[in-house]
2 protein chains.
Amino acid sequence: MTINAHTPEPGAGDAVPAKAATIYDVAQAAGVSHQTVSRFLKGFQGIRPETREKVVRALDELGYRPNLTARSLKSGRSHRIGALTHEISKVGPSRVAEGASAAAREAGYVLDLVSLDVANPRAIEESLELITQHDLAGVLALSSTDEMTRAFETTEFRVPVYIDVEVDDTVSSHPSDLTTVGMPALVAHLADLGHRALVHIAGPATWSAARNRILAYETAVIGQGLRSIGILPGDWSARSGYEAVVALPRLPDATAFVAANDQMALGAMLALKERGCRIPDDVSVVGIDDIPESAYFDPPLTTLHIDFEAAGRLSVHKLLAEIEGTEVPQMVVPPPQLVVRRSSGAAPSR
Amino acid sequence: MTINAHTPEPGAGDAVPAKAATIYDVAQAAGVSHQTVSRFLKGFQGIRPETREKVVRALDELGYRPNLTARSLKSGRSHRIGALTHEISKVGPSRVAEGASAAAREAGYVLDLVSLDVANPRAIEESLELITQHDLAGVLALSSTDEMTRAFETTEFRVPVYIDVEVDDTVSSHPSDLTTVGMPALVAHLADLGHRALVHIAGPATWSAARNRILAYETAVIGQGLRSIGILPGDWSARSGYEAVVALPRLPDATAFVAANDQMALGAMLALKERGCRIPDDVSVVGIDDIPESAYFDPPLTTLHIDFEAAGRLSVHKLLAEIEGTEVPQMVVPPPQLVVRRSSGAAPSR
DNA sequence: GACCAGAATGTTTTCGACAACATTCCGGCG
DNA sequence: CGCCGGAATGTTGTCGAAAACATTCTGGTC
C-alpha cells in the first residue's frame with residue numbers, strides 16, 4: 001500500500017507563508033527595492049553592508065526560493081538537460097544515466113531522463129517532441145542507435161545537442177578505448193590461456209556500441225593472430241545469448257565465446273552447460289561491462305570492467321561546455337579493465 | 001569516440017527562422033492578434049474557420065513551438081514531475097522508473113528522474129533542494145527508505161507529493177498484494193515440494209519494501225504451517241546474498257532459501273554451491289522480482305514476477321490525480337505471479 | 001435602418017526575474 | 001558651500017503566454 005504525503009499546511013501562527021515568496025515580497029520585507037534583492041541574489045558586489053544584512057534577514061524569514069521559471073523566461077536560459085536513453089533495466093550500463101544525472105546535479109542542472117525503446121523511431125520522435133517543448137539548456141542522447149541518430153538529425157533543436165556514441169564508425173579515425181585497450185587485453189588473456197579460435201556474440205547492429213564491439217573484437221583477434229569462427233547475433237539480453245548458442249546446429253570449433261555484454265554471456269553459459277560443456281574446462285566465456293551480478297554468475301564471469309558512470313559524467317560535461325561556452329574539462333574516462341574470474345580457463349587440449 | 005551534433009544552421013534561403021517563433025510572430029504572420037493565436041492553441045471554440053485556417057498556416061510555416069516556460073510562469077503550473085529513486089543499476093526493479101516515465105510522458109508531463117543513494121540523507125536533501133527550485137507540478141518518491149520518508153516530511157513542498165511505499169507497516173491495515181497473493185503462492189510452492197523449514201535473506205531494514213517482504217514471508221510461513229529458521233541481512237546486492245550464506249558458521253537445517261530479490265538469490269546460490277550444496281537437490285532457492293536475467297541463472301530461478309512498470313505508472317497516475325484534481329483512474333497492478341523454474345525442487349529426504 | 005445579443009477578435013495587464021537606465025547619496029575638492 | 005564623480009539604490013521596460021476586459025463584428029429583430 002502507499003501513503004500520500006500532502007503538503008503540510010502551516011499553522012496560523014506559522015511564520016512560513018503558504019505561497020512562495022517573490023523577490024518583491026522579500027524587497028518589501030527588507031524595505032529595499034526588488035532590484036536590490038535581485039542584485040544581492042546575483043552576487044553583485046556594490047551593496048552596503050547594512051542593506052545587505054536587511055536583505056539576508058528578509059530572505060531568510062520568508063524562506064525565499066527563486067522562481068526558476070521566471071528566471072529562465074527572462075534570461076532565455078534554463079537549467080535542464082533532456083537526456084534520452086534506452087530502457088534502463090534492459091541493458092547493463094544504466095550507470096551511464098546515473099553518472100550523467102549526478103554530474104548535471106552538481107552543476108546546478110536537472111536531468112530530464114527519458115527512457116524509451118531506442119529502436120522505435122515513433123517513440124523517439126514523440127519523446128523529442130515533448131522534450132523540445134520543455135525549455136531545455138541542451139539535449140543529450142545517452143544511447144546511440146541508428147534510429148536515435150537519425151531522429152536527432154531530422155529534429156531541429158535550438159540548443160546544443162550531444163550524442164554519445166561509443167564510436168563513430170563511419171568517419172572516425174579515433175578508435176575507442178575499448179578497441180585500443182580493453183578488447184586487446186581481453187583477447188590477449190584468452191590467447192595466453194591457449195585459445196586460438198573464438199566466437200563473438202554481438203549486440204544489435206543498429207547500436208553503435210554493438211558495432212564498436214564487433215570492430216574491436218575483430219581488430220583484437222587479428223592483432224593476437226587468432227581466428228574468429230563467427231559472429232552470432234544477439235540483442236543484449238540474456239535470452240538472446242542463450243538462444244544464439246541453442247540455435248547453433250553443432251558447437252563450433254571455437255574454445256572461447258566473447259559476448260558483447262555480460263547478460264548475453266550469462267545466457268550463453270547456461271546454453272553451453274545444457275549442451276554438456278563445462279565452463280571453463282571445455283569452453284571459456286567472457287563478457288563486457290562487468291555488471292555487479294557477473295561476479296556471482298556460475299562460474300563468475302571474466303569480463304571487462306567499464307566505468308559507465310564516468311562516461312555519463314563526461315557526456316554531461318561536454319554538453320555543459322557547449323551550453324555555457326566554456327572549455328571541456330580535462331576529464332578522462334578510465335579505460336576498460338580486464339577482470340579475470342573463473343569463466344575463463346586454459347583451452348582444452350584436443 | 002563521440003560525435004557532436006551541433007544545431008544545424010539553417011541556410012540563407014531556409015524558411016525556418018533561427019530563433020524560436022512566439023505567438024506574436026505567429027499572430028503577425030497570420031494577420032491576427034496574439035490572443036487569437038493563444039485561444040487557438042488552447043483549443044478555444046469560438047474562432048471562425050477562415051481565421052482558424054490562417055493561424056494554422058502561420059503556425060505551420062513558422063514551425064511554432066510553445067514556450068512552456070512562459071506558459072508556466074503565467075499559469076503557475078508546470079508539467080514536470082520530480083521523481084527520486086535509488087541508483088537504478090543497483091536494484092532490480094528499475095522498470096518502476098520506466099513505467100513512471102512513460103506514464104508521465106503520455107500525460108504530457110516530463111519526469112525529472114533523479115537517481116541517488118536513497119540511504120544517504122545528505123544526498124536526498126541536496127536533490128530535494130535542487131528539485132524544489134525547478135518548478136514542478138509534483139514530486140514523486142519511487143523508492144521508499146526511512147531516510148527518504150524523513151526527508152520528505154521535513155521538506156516543505158508547495159506541490160503534491162506522492163511516496164510510493166510497498167507497505168506502510170506502521171499504520172497500514174491493508175496488506176500488500178505481496179503479502180496476500182505473491183508470497184503465499186511462493187511459500188505454498190515450497191511447502192508442496194515438501195519443505196518445512198525456510199530461511200529468508202532480507203533487504204536493508206530501512207527500505208519499506210524490505211520490511212514488507214519480511215512481513216509477507218513471516219505471515220506466509222505461519223500460514224503454511226512451516227518454520228522459519230532465520231532471517232539473514234542483505235542489501236539487495238548479489239554480493240550481500242553471497243556473503244550472507246558464506247557468513248553462516250554451518251548450513252542451517254532449512255531446505256529452502258527465500259531471498260528478498262533475485263540478485264541476492266543469485267549470490268546465495270553461488271555460495272551454496274561453493275559449500276557443496278546442489279540446487280535444487282539439496283537446497284532450493286527462490287527469489288522475488290523476476291528480473292530478466294533470472295531465467296538464465298544456473299539453475300534458472302524460481303521467483304515471483306512483479307509488474308514494476310505497472311507500479312510505476314500507477315504512482316504517476318495517483319500523483320497526477322492529485323495535481324489535476326481528478327479522480328484516481330481505476331488501475332490495477334497485476335498481483336505478483338509465481339514463476340517456477342529449476343532452482344526449486346522436492347525437499348531432500350533426510 | 002437602428003438596435004441588440006452574442007460571437008469573434010483586439011488591448012491591456014499580469015506573472016517573477018533581470019537589465020538598462022534614472023536617480024539619489026556620499027565624501028572630496030575648489 | 002556648491003559641484004563633481006562614483007557608488008548605491010530605485011524605476012521602468014522586457015521576456016512569452018494567458019486572462020480579464022474592451023471592442024468590433026455578425027445576423028436577426030422590429
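In the text below, chain A, chain B and the rest are named by the order of the sequence lines, each starting its count at 1.
Under the side chain to side chain contact (heavy atoms under 4.5 Å, CB included) criterion, A:L59 pairs with A:V26, A:V37, A:F40, A:L41, A:V55, A:Y64, sequence neighbours left out.
Taken from CZ in B:R48 to OG1 in B:T36, the straight-line distance is 10.5 Å, to the nearest 0.5 Å. Note that NE2 of A:H317 is 6.0 Å distant from CZ of A:R313, once rounded to the nearest 0.5 Å. Residue A:Q28 holds its CD atom at 9.0 Å from OG1 of A:T22, rounded to the nearest 0.5 Å. The line from OH of A:Y162 to CG of A:L314 is 6.0 Å long, rounded to the nearest 0.5 Å.
With A:K54 as the partner, the side-chain contact (heavy atoms from CB on, under 4.5 Å) test is satisfied by one option alone out of A:R57, A:R52, A:E50: A:R57.
Among the protein residues, A:Y64 comes within range of the sugar-phosphate backbone only, with heavy atoms under 4.0 Å from sugar or phosphate atoms but none that close to a base.
Note: CD1 (B:I23) to C1' (D:dC15) measures 12 Å, nearest angstrom. Rounded to a whole Å, the CD atom of B:Q28 is 15 Å from the C1' atom of C:dG10.
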Please tabulate, one pair per line, each protein N/O and nucleotide N/O from nucleotides 6-12 of chain D that are separated by under 3.5 Å, including the distance.
| residue | atom | partner | partner atom | Å |
| --- | --- | --- | --- | --- |
| D:dA8 | O3' | A:R48 | NE | 3.3 |
| D:dT9 | OP1 | A:R48 | NE | 3.4 |
| D:dT9 | OP1 | A:T51 | OG1 | 2.2 |
| D:dT9 | OP2 | A:R48 | N | 3.0 |
| D:dG10 | OP2 | A:S33 | N | 2.7 |
| D:dG10 | OP2 | A:S33 | OG | 3.2 |
| D:dG10 | OP2 | A:T36 | OG1 | 2.7 |
| D:dG10 | N7 | A:R39 | NH2 | 2.9 |
| D:dG10 | O6 | A:R39 | NH1 | 3.4 |
| D:dG10 | O6 | A:R39 | NH2 | 3.4 |
| D:dT12 | O4 | A:H34 | NE2 | 3.4 |

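Between A:S38 and the phosphate of C:dC18, there is a side-chain N or O to OP1/OP2 separation shorter than 4.0 Å.
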